[in-house]
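To keep things clear, I will list the structure first and then write my remarks on it.
In the text below, chain A, chain B and the rest are named by the order of the sequence lines, each starting its count at 1.
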2 protein chains.
Amino acid sequence: MKEIIDMIRINRYLSEFGLEEVFPEPLRQHMILYRFEPDETLILQGEESQILFLLVQGKVKVYTTSIEGKTLLINFTTPLGLIGEIECLKGWENLNTVTAVSAVETIGIHKRWLSQYREEAPFLRFLLDMVTHKFYLKSISLSFNLLYPVEVRLASYLLSISSEDQNEIQASVSVSKLKDTANLIGTSYRHMNRVLQSFCSAGFVVRRSGTLVVKDRQGLITVAGRNIYESAEGREHL
Amino acid sequence: MKEIIDMIRINRYLSEFGLEEVFPEPLRQHMILYRFEPDETLILQGEESQILFLLVQGKVKVYTTSIEGKTLLINFTTPLGLIGEIECLKGWENLNTVTAVSAVETIGIHKRWLSQYREEAPFLRFLLDMVTHKFYLKSISLSFNLLYPVEVRLASYLLSISSEDQNEIQASVSVSKLKDTANLIGTSYRHMNRVLQSFCSAGFVVRRSGTLVVKDRQGLITVAGRNIYESAEGREHL
DNA sequence: ATAGATTGAGGACATATGTCCTTGCCCTAA
DNA sequence: TTAGGGCAAGGACATATGTCCTCAATCTAT
């Protein structure tokens, strides 16, 4: 990564993409042009980005890696693209790694200069907040569904809906809601039943008269690995 | 769906969720409280929504249905949640259907009242635009990956990267990029090869010296059904 | 040119998941 | 009480997909 101090180039890029009106003068003062060579990393999964990148030249590859080392290619982004904005706006850790495929140039804006917008246009700000939040959750959902088998997704889901009820009253799910569960984790009811059966044999859950009761959270955690649904939000109880 | 004209209730909801500051007075004038009974539809897949809903009471179910009739439950949303904002802001057709699970109350804002924000805070507006766009594409990607087998996804992908080259120069993909392709559609290279082999036998594509050439777009269309990647954007050529 | 190294295609097998159907249970209506 | 009707659970089988391995082609260094 190389920083390039060249306001002229930045302004040229901005006009190339018709963004002159988008960035007010005070914000432009803080823009920095970055150059990345092929294979260089712009954003690293698991870290917290400080800089929001506007891709103006070249092509980057966005992918995520599971704990087990499996990778999932999310997409290729080309100009005009925004990179790392979701995590940056939220201050949450990066879900994906982004590396340059070709030589790449981006305009970077440090997140500290974004915060001033917290006050301005509260309604737009609210929309942006909600949408980035949903985006983050959907990203997790996408990778999770594609990278893990039903067994893991189901264990993880059961954990997420039983977490609130502590040791005392173990969480239970009624049958009609089990059908929704199957649908939510993207599998057939039949197959979910099969997996549920194995959970029963293992003593993780008990099935009785149309209800499912979680008995052994620890056991489920073993199956789910550390891939718990990050947040119950957007994944509400059925 | 029942419209309730009750500014007091609306204001009470807004204060319940700490949104007094978020909605300026002129916008509040246009807010309408809606009530939905269980199983009523708030948003219908394929249509174009005119109203953005703020879920303030009850629970809704968000799901998508494929052309073949398979459904995929996206999530359950509870207050405070935003519904239909992505499509509404973009003016694009709804990707999902939203129905009430319990009795539901929402605050609705017609999209025409949002347009005035086009001028205000251009930078925030730009961010919101980019993020909603990415969200829309990711939603498609999620449903598509979960609802269709590799055969369909691959056919669809090959179509999306060969569409520009018309009859003349048929699109071709080099091998290194084929590996990325497998990764992008979320399968193993081995399995993609298997499917590719069947495409070869069918005469849809030809493989020679490490490249793949699309020969019969129409044939691929048959396999892909009408499930073409909506837009090449965000799904750039490998 | 030749040996070793690298890489892509594909075979063989295991596993994950879907579809269809059967069985038995519970509920309701006469 | 009894005959259906509906529905949940699970068996049997088919299909989709993943993993591991082998073989051959290509490349590279000497």
Side-chain angles (χ1 to χ4, degrees), chain A residues 65-73 143-157 172-202 204-213 223-225 227 238, chain B residues 65-73 143-157 172-202 204-213 223-225 227 238:
Chain A
T65 307
S66 71
I67 298 159
E68 297 77 16
K70 287 211 291 185
T71 70
L72 176 69
L73 186 44
S143 328
F144 194 61
N145 276 296
L146 257 51
L147 287 171
Y148 296 96
V150 170
E151 183 179 42
V152 175
R153 310 210 292 271
L154 183 58
S156 182
Y157 181 75
S172 67
V173 192
S174 79
V175 173
S176 74
K177 296 176 179 180
L178 271 180
K179 297 219 160 158
D180 280 340
T181 299
N183 213 267
L184 188 58
I185 65 178
T187 190
S188 62
Y189 180 62
R190 176 66 191 93
H191 186 59
M192 192 196 55
N193 259 333
R194 198 155 21 209
V195 175
L196 235 26
Q197 226 175 346
S198 82
F199 285 177
C200 282
S201 320
F204 302 156
V205 301
V206 169
R207 210 164 186 169
R208 57 176 176 231
S209 63
T211 4
L212 190 77
V213 182
V223 174
N227 313 295
L238 292 183
Chain B
T65 307
S66 70
I67 297 159
E68 297 76 17
K70 286 210 291 184
T71 69
L72 177 68
L73 186 44
S143 328
F144 193 59
N145 276 296
L146 256 52
L147 287 171
Y148 296 96
V150 170
E151 184 180 39
V152 175
R153 309 209 294 271
L154 182 57
S156 180
Y157 181 75
S172 66
V173 192
S174 79
V175 173
S176 74
K177 296 175 180 180
L178 272 180
K179 296 218 160 161
D180 279 339
T181 299
N183 213 269
L184 189 59
I185 65 179
T187 191
S188 62
Y189 180 63
R190 176 66 189 90
H191 187 58
M192 191 196 56
N193 259 332
R194 197 152 26 207
V195 175
L196 236 26
Q197 225 176 346
S198 82
F199 286 178
C200 282
S201 321
F204 301 156
V205 301
V206 170
R207 207 163 185 169
R208 57 175 176 233
S209 62
T211 6
L212 189 77
V213 182
V223 175
N227 313 293
L238 292 184

* Mind checking side chain to side chain donor-acceptor pair (under 3.5 Å) for Arg194(B) and listing every partner two or more places apart, or none if nothing turns up? => His191(B)

* Asked: What string of B, S and - do you get for nucleotides 12-18 of chain C 5' to 3' if you count protein non-hydrogen atoms under 4.0 Å?
  -> B----BB

* Of the non-hydrogen atoms in Ala224(B) and Val152(B), which two are nearest, and what is the gap between them? -> O-CG1, 3.7 Å

* Can you tell me how far P of dA9(D) sits from CZ of Phe199(A), to the nearest Å? -> 16 Å

* How long is the span from the CG atom in Leu73(B) to the OG1 atom in Thr65(B), to the nearest 0.5 Å? -> 10.5 Å

* Nearest heavy atoms of Ser198(A) and Glu151(A), plus distance in Å -> OG-OE2, 4.5 Å

* Structure fact -> Between CG of Leu196(B) and C1' of dG10(C) the distance, given in whole Å, is 12 Å

* Can you sort out the partners of Ser188(B) under side chain to side chain donor-acceptor pair (under 3.5 Å), two or more places apart, ordered by chain and number? => none

* Starting from C1' on dG6(D), measure out to OH on Tyr189(A) and report it in whole angstrom. => 14 Å

* Structure fact -> The reported gap from CG in Asn183(B) to NZ in Lys177(B) (rounded to nearest 0.5 angstrom) is 15.5 Å

* Does Lys179(A) have a side-chain nitrogen or oxygen under 4.0 Å from the phosphate oxygens OP1 or OP2 of dC7(D)? -> no

* Asked: Once you round it to whole Å, what is the distance between P of dG10(C) and CG of Leu212(B)?
  -> 11 Å

* To do: Grab the CZ-C1' distance between Arg208(A) and dC25(C) for me, whole Å please.
  => 18 Å

